[in-house]
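Each ligand, and each atom within it, is numbered from 1 in the order the structure gives.
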Amino acid sequence: MAYRVTLIPGDGTGPEITEATRRVVAATGVPIEWEVQEAGIPALEQTGELLPEATLESIRRNKVALKGPLTTPIGTGFRSINVALRQIFSLYACLRPCKWYPGVRSRYEQVNLVVVRENLEDLYAGIEFEQGTPECLELINQIERLGGKRIREDSGISIKPISVYNTSRIVRFAFDYARRYGRKKVTTVTKSNIMKFTDGLFLQVSREVAKEYPDVQFDEVLVDALGMQLVQRPENFDVLVLPNLYGDIMSDMCAGLVGGLGVAPGANYGDELAIFEAVHGSAPRYAGQNKVNPTAVMLSAVLMLRHLGEVDAADRMERAIAEVIREGKKVTYDMKPHRDDPTAVGTSQMADAIIEKLQEMKAGVA
Ligand code: NAD
């Protein structure tokens, strides 16, 4: 029986790269019935809503979605539709594997680490008070009354909540992932020496959870030290688990270590459902040009196949992508030594080359 998966093509370059990905997934032989749904600007144009109920209902029903990037509309109530989706479905864990593939031009080789980012709390919880508003002034007074310092009245305030509940489930997620995929070490990342009641709590809960996993090494590092150590010796890290803001910053940095946004996949998991998407945005400058690199969305689809239990198909698809990258011929402009290389191929032609590899594997040639 076919799996039913919600497919959100997104906008900008999203429709091209998700279509290329859909064709490659089909070539693995895994039967998937895609339910195409809109979100973001295309949805706003069609239905008057950025996140139509039909889209949410489809994700709720299918429990698995592959999503193209969505441009964040300026001047609407939404900070970001991506953040809204994570909050609506309680997708508490953001997974971003950062693996170097031979053929990708990067300053580093042999990097193979996984960033596990808490997705719902911290400074991204969206609890903010605008400078000069009565609410903000009341909060400033209240904080002083409660024994805190007097905050300057011309300040804006963002709240940083970190809970035992959400920390334990994200750290558990990181350890479970390490166990399932044979990873050796989980490193928890905080600034616990300064923010004792939030990052300090994250660290304390991490230490407690780590005791339940004696078979996996546990390590702790301060986020500023991590920045330096990642630049010096990224191969020393395995699984990193971080609160939301540090996770956001460090996962982009780790993507940079393995060749940039064009090759960085991602997934957002809740207890019940999961949404798979590239780390990069909609690259609107290149929309409709059949130009950008589809690898990040394709590798996100590899994560999706693993999530569906289609491990063999996932492995084959990853190998086919890696082989095309290693050969370096039928790849997009960003993977060539020079960006104006005339031998670069388009998004759709790179997908064709990967499909060809999958067919060769099936025929026993590769
Ligand atoms: P971006 O990721 O779209 O682009 C950043 C740079 O990377 C650009 O130079 C772009 O050309 C390049 N790039 C991105 N994807 C590429 C690919 N597949 N192949 C080759 N090059 C690629 O970031 P941005 O310009 O800051 O954001 C554009 C829009 O996307 C914004 O509205 C932003 O809010 C949104 N966004 C969405 C998501 C998401 O949907 N998950 C994530 C990030 C940004």
Side-chain angles (χ1 to χ4, degrees), residues 6-21 24 37-44 50-51 55 59 65-89 91 94-96 101 104-106 115 117 119 124 244 247-249 251-253 255-256 258-269 274-301 303-304 321 324-325 330-336 338-341 344-351 354:
T6 304
L7 177 69
I8 301 174
D11 57 52
T13 52
E16 304 156 48
I17 49 184
T18 48
E19 175 55 18
T21 303
V24 171
Q37 296 288 342
E38 297 295 355
I41 290 167
L44 188 67
L50 283 167
L51 266 177
T55 304
I59 301 173
L66 180 68
K67 182 184 143 302
L70 296 170
T71 305
T72 301
I74 297 172
T76 67
F78 277 98
R79 274 197 178 73
S80 148
I81 307 153
N82 306 300
V83 174
L85 276 172
R86 290 168 202 162
Q87 301 271 357
I88 289 168
F89 292 117
L91 302 174
C94 176
L95 181 83
R96 291 180 170 174
Y101 292 93
V104 174
R105 283 170 309 105
S106 165
V115 177
R117 162 187 170 193
N119 237 354
Y124 282 33
N244 210 336
D248 191 11
I249 298 167
S251 58
D252 267 34
M253 175 162 158
V258 295
L261 288 175
V263 291
N268 299 289
Y269 297 92
I275 300 182
F276 298 84
E277 62 177 337
V279 172
H280 66 70
S282 55
R285 207 154 38 113
Y286 296 115
Q289 294 178 27
N290 186 37
K291 193 166 164 126
V292 296
N293 192 345
T295 302
V297 175
M298 288 183 183
L299 290 174
S300 306
L303 297 177
M304 182 191 82
I321 297 167
V324 167
I325 293 174
K330 293 181 180 168
V331 292
T332 47
Y333 74 98
D334 56 312
M335 299 195 115
K336 293 284 186 182
H338 302 287
R339 293 202 150 216
D340 51 2
D341 190 322
V345 301
T347 310
S348 155
Q349 289 67 38
M350 185 164 171
I354 296 165

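- Smallest separation of non-hydrogen atoms from A301 and T21: CB-CG2, 3.5 Å.
- Contacts of ligand 1 (protein heavy-atom distance under 4.0 Å) are K67, P69, L70, T71, T72, N82, L261, E277, V279, H280, G281, S282, A283, P284, R285, Y286, V292, N293, Y333, D334.
- For the salt bridge (charged side-chain N to carboxylate O under 4.0 Å, His left out) test, residues two or more places apart in sequence or in another chain that qualify with E19 are R22.
- With H280 as the partner, the side chain to side chain contact (heavy atoms under 4.5 Å, CB included) test is satisfied by one option alone out of V263, L261, N293: L261.
- The stretch residues 7-16 participates, sequence neighbours left out, in these side-chain hydrogen bond (donor to acceptor under 3.5 Å, both in side chains) pairs: D11-T71.
- Between V292 and R285 the shortest side-chain heavy-atom distance does not fall below 4.5 Å.
- With sequence neighbours left out, Y286 forms a ring-ring contact (aromatic ring centres under 6.0 Å, His included) with Y333.
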